[in-house]
**Student:** 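Structure incoming, see below.
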There are 2 protein chains.
Amino acid sequence: MSRIEHSDPTPQDDAARAGWLYYVGGMTQDQIAAELGISRQRAQRLVAKAMADGLIHVRLNHRIGACLDLESALRDRFGLGRCRVSPSLGGADPVLSIAPAAAAELERVLRLPEPLTIALGTGRALRGMVDAVAPLDAAHHRLVSLIGNIAPDGSASFFDVIMRVSDKVRAPHYPMLVPVISPTSAERDAFRALGPVKRVADLARSADVVFVGVGQMSDDAPLLADGFVTRAELDQMRAAGAAGEVAGWVFDSDGQYLDVGTNTRTGGVRVEQKLDRPAIGIAAGASKVPAICAALKSRIINGLITDEVTARTILAL
Amino acid sequence: MSRIEHSDPTPQDDAARAGWLYYVGGMTQDQIAAELGISRQRAQRLVAKAMADGLIHVRLNHRIGACLDLESALRDRFGLGRCRVSPSLGGADPVLSIAPAAAAELERVLRLPEPLTIALGTGRALRGMVDAVAPLDAAHHRLVSLIGNIAPDGSASFFDVIMRVSDKVRAPHYPMLVPVISPTSAERDAFRALGPVKRVADLARSADVVFVGVGQMSDDAPLLADGFVTRAELDQMRAAGAAGEVAGWVFDSDGQYLDVGTNTRTGGVRVEQKLDRPAIGIAAGASKVPAICAALKSRIINGLITDEVTARTILAL
DNA sequence: CCATCAAGCGATGATTTGCTCATTCGCTGA
DNA sequence: TCAGCGAATGAGCAAATCATCGCTTGATGG
């Protein structure tokens, strides 16, 4: 026996086992407690931990008719390639509802056999997506960041999305080591002139697939909440017609990029309009609707993963 | 609005939506009832239906250390290619515990880009596997049955495994339209001489991957339970050393096929020993251990998906 | 060596869920 | 038209689950 038992079970092992028995085996927590020789409370905690640690993945294997209808309506209206509509989750954060669908789409791309360069933006939706991705081996692809990873406070937390996903799927990753938005155009240009930055930017521009979130420019703008722009800058860009933002680059309600405000100092790579490769927007929520519409209109994105109510609102316009 | 609402929600749509809100959204049944404007009991029934219909798939995203250890031990001992060990589910049917792992392996194969011929056996374990596969598009592969699909009572229920999986993944399928076991060798040979049967058999023999269950020859033998062999035939073959069976073909404890009993009348294609392509056995349960060991020993199978206690028992021998 | 503190544990009460049963609804055939 | 019948519904209840609380235990630092 000791020949086989190479290692003591880690806490995660225990949690995984309890979660397995509970969710797959359909056992009650009492039964699990008896099986593993622990108290029910402990069993309960292990099951909860398994869920909290993301050890248990739940997916819906049925396309709800209403969502399929919305997908084809969106596809027709905006000439989309990929389009996915998830059922909404009542009042909960819409990010939660689109994360599994977004993860499934990313996994689909990662499983393609030919080596691809996959460009990723950042934001809550993308973060939700990578948290929902199942570990798999995609070492033949390259993951490249579209956006700088240095926040105004100097932290590199926005690095997270690409780092986490590359960790999960064992793919090499190329973060863009520049400020998301530099204090001055000159400083931005100085960063851009650096060899390594240039190479990552070229890689990002040549990406075979692009995944981005879409930011709104209303008072709850992610750029503002995360401290990338000041309220004055936000107001200035709104006065100039700003309706939304992709990878930090602000555009108007027709999806045309502006030449004012932070757009003169944004460090990352801009997702060009009418890209001939998939550029998939991952976004949901009432306040994002104008931004999503604008991005779709000028084909900054040519694919969309959203939720039911957002899809309905977009189509109602 | 009516422009969008093309179709009324089906009962499955409702179940899927309730299951989504419950499992993905983490809402209580009361909340779901309020959200959908139905009674709590109805919400409860929809959630249960979603689970029963297999609309909700749960997978464990963590390899438990003990199982990994067993996998490498099995790989070393029997020189296996693919090997997967799932945690056991207490007293429950071991088929339930291996079905997700088996499904994941089949999905991996189905997602390979080059067109493959995939041969499938039948049995409870295979049936569990196909029930757990997620729908995906694998139209470039061919699914071929190793085993006849006509049961002694004339029903074609054994057709189920390959039909269901081909339905789920939209792959063309080639059932073998012969009795599993014919009453006489002559009749078996007559079937074999038929052109269509010959072509399916040739296809099966040339398969790039093989998935089979492993049957025991003890009193709970699947062949006996399903009425393919009589007790007298079972006893006769046991007297001749029968230890197990793959795709209806009986072998002894060294994994050598016998020349007696029903083996002279079995209709399907025999999985040859030491195949140079993957031949993956999907089997778990204490009573199957001798059969699995025998099949591994002579390399009728060169891959194994089983559960923890079965793996331990195999290695203890 | 002892005081302090944090982490984990088991118990308890509140909430949520699964199940049974009587009833109703809708359909079919006389 | 209406009786018969099966499926679906909702009420009620027992079981299961979850959240909170005080306690133990073991580590840390004075």
Side-chain angles (χ1 to χ4, degrees), chain A residues 7-62 64-66 87-93 96-97 131, chain B residues 7-62 64-66 87-93 96-97 99 131-132:
Chain A
S7 48
D8 278 340
T10 68
Q12 279 230 331
D13 276 7
D14 289 333
R17 191 176 288 276
W20 173 262
L21 294 171
Y22 188 75
Y23 289 104
V24 181
M27 293 168 65
T28 142
Q29 296 178 356
D30 276 335
Q31 292 173 296
I32 295 168
E35 178 85 18
L36 302 181
I38 55 179
S39 71
R40 11 193 132 142
Q41 291 83 352
R42 184 145 171 62
Q44 200 281 344
R45 282 184 177 108
L46 285 175
V47 171
K49 179 179 166 60
M51 191 39 103
D53 290 3
L55 269 35
I56 304 290
H57 270 221
V58 179
R59 272 192 195 173
L60 183 67
N61 249 342
H62 183 265
I64 295 174
S88 296
L89 288 174
D93 185 351
L96 292 176
S97 72
D131 284 345
Chain B
S7 48
D8 278 340
T10 67
Q12 280 230 330
D13 276 6
D14 289 332
R17 191 176 289 276
W20 173 263
L21 293 171
Y22 189 75
Y23 289 104
V24 181
M27 295 166 66
T28 76
Q29 296 178 356
D30 276 324
Q31 292 173 298
I32 295 167
E35 177 86 17
L36 301 181
I38 55 179
S39 72
R40 188 194 68 84
Q41 289 80 356
R42 185 149 168 63
Q44 199 276 335
R45 283 186 176 105
L46 286 174
V47 171
K49 179 179 165 60
M51 187 44 96
D53 290 3
L55 269 37
I56 305 290
H57 272 221
V58 179
R59 275 196 193 168
L60 184 66
N61 249 342
H62 185 264
I64 295 175
S88 296
L89 289 174
D93 185 351
L96 292 175
S97 72
D131 284 345

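The model shown is predicted, which means the values in this text are computed figures rather than measured ones.
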**Student:** With sequence neighbours left out, write down each residue that passes salt bridge (charged side-chain N to carboxylate O under 4.0 Å, His left out) with A/R59, or none if nothing qualifies.
**Tutor:** A/E107
**Student:** Between atom OH in A/Y22 and atom C1' in D/dA15, what is the gap in whole Å?
**Tutor:**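 It is 12 Å, rounded to the nearest whole Å.
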**Student:** Taking only the side-chain nitrogens and oxygens of A/S39, find out if one of them lies under 4.0 Å from OP1 or OP2 of C/dC9.
**Tutor:** no
**Student:** With a 4.0 Å heavy-atom cut-off, tell me which residues in residues 24-33 of chain B come close to DNA chain D, sorted by residue number.
**Tutor:** none
**Student:** Using a 3.5 Å cut-off and no angle test, enumerate the donor-acceptor pairs between side-chain atoms of residues 16-30 of chain B and protein atoms at least two apart in sequence or in another chain.
**Tutor:**
{"residue": "B/R17", "atom": "NH1", "partner": "A/E308", "partner atom": "OE1", "Å": "2.7"}
{"residue": "B/R17", "atom": "NH2", "partner": "A/E308", "partner atom": "OE1", "Å": "3.3"}
{"residue": "B/R17", "atom": "NH2", "partner": "A/E308", "partner atom": "OE2", "Å": "2.9"}
{"residue": "B/W20", "atom": "NE1", "partner": "A/P87", "partner atom": "O", "Å": "2.9"}
{"residue": "B/T28", "atom": "OG1", "partner": "B/D30", "partner atom": "N", "Å": "3.3"}
{"residue": "B/T28", "atom": "OG1", "partner": "B/Q31", "partner atom": "N", "Å": "3.2"}
{"residue": "B/Q29", "atom": "OE1", "partner": "B/R40", "partner atom": "NH1", "Å": "3.3"}

**Student:** Pick out the pairs of N or O atoms, protein on one side and nucleotides 20-24 of chain D on the other, that lie under 3.5 Å.
**Tutor:**
none

**Student:** Between B/D13 (side chain) and A/G65 (backbone), is there a donor-acceptor pair under 3.5 Å?
**Tutor:**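 Yes.
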**Student:** Collect all protein-nucleotide pairs involving nucleotides 25-27 of chain C in which both atoms are nitrogen or oxygen and the distance is under 3.5 Å.
**Tutor:**
none

**Student:** Please list, one pair per line, the donor and acceptor atoms closer than 3.5 Å that link side chains of residues 41-55 of chain B to other protein atoms, with sequence neighbours excluded.
**Tutor:**
{"residue": "B/K49", "atom": "NZ", "partner": "B/D53", "partner atom": "OD2", "Å": "3.0"}
{"residue": "B/D53", "atom": "OD2", "partner": "B/Q12", "partner atom": "NE2", "Å": "2.9"}

**Student:** Provide, to the nearest angstrom, the distance between the CG atom belonging to B/L36 and the P atom belonging to D/dT9.
**Tutor:** 13 Å
**Student:** Please tell me if the side chains of B/I56 and A/L60 come closer than 4.5 Å, counting only heavy atoms from C-beta onward.
**Tutor:**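 Touching, per the 4.5 Å side-chain cut-off.
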**Student:** In Å and rounded to the nearest 0.5 Å, what is the CD1 to CG distance from B/I64 to A/D14?
**Tutor:** 8.5 Å
**Student:** So, does A/Q44 get its side chain near the phosphate of D/dC18, meaning an N or O under 4.0 Å from OP1 or OP2?
**Tutor:**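 A/Q44 to D/dC18 OP1/OP2: side-chain N or O found under 4.0 Å.
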**Student:** Whole Å only: how far is the CG atom of B/L46 from the P atom of D/dA8?
**Tutor:**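 Rounded to whole Å, this separation is 11 Å.
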**Student:** Rounding to a whole Å, what distance do you find between B/Q41:CD and D/dC13:C1'?
**Tutor:** 12 Å
**Student:** Would you kindly give the CZ-to-P distance between A/R42 and C/dG10, to the nearest whole Å?
**Tutor:**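 Going from CZ in A/R42 over to P in C/dG10 covers 8 Å.
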**Student:** Rounded to whole angstrom units, what separation is found between the CZ atom of A/R40 and the P atom of C/dT12?
**Tutor:** 11 Å
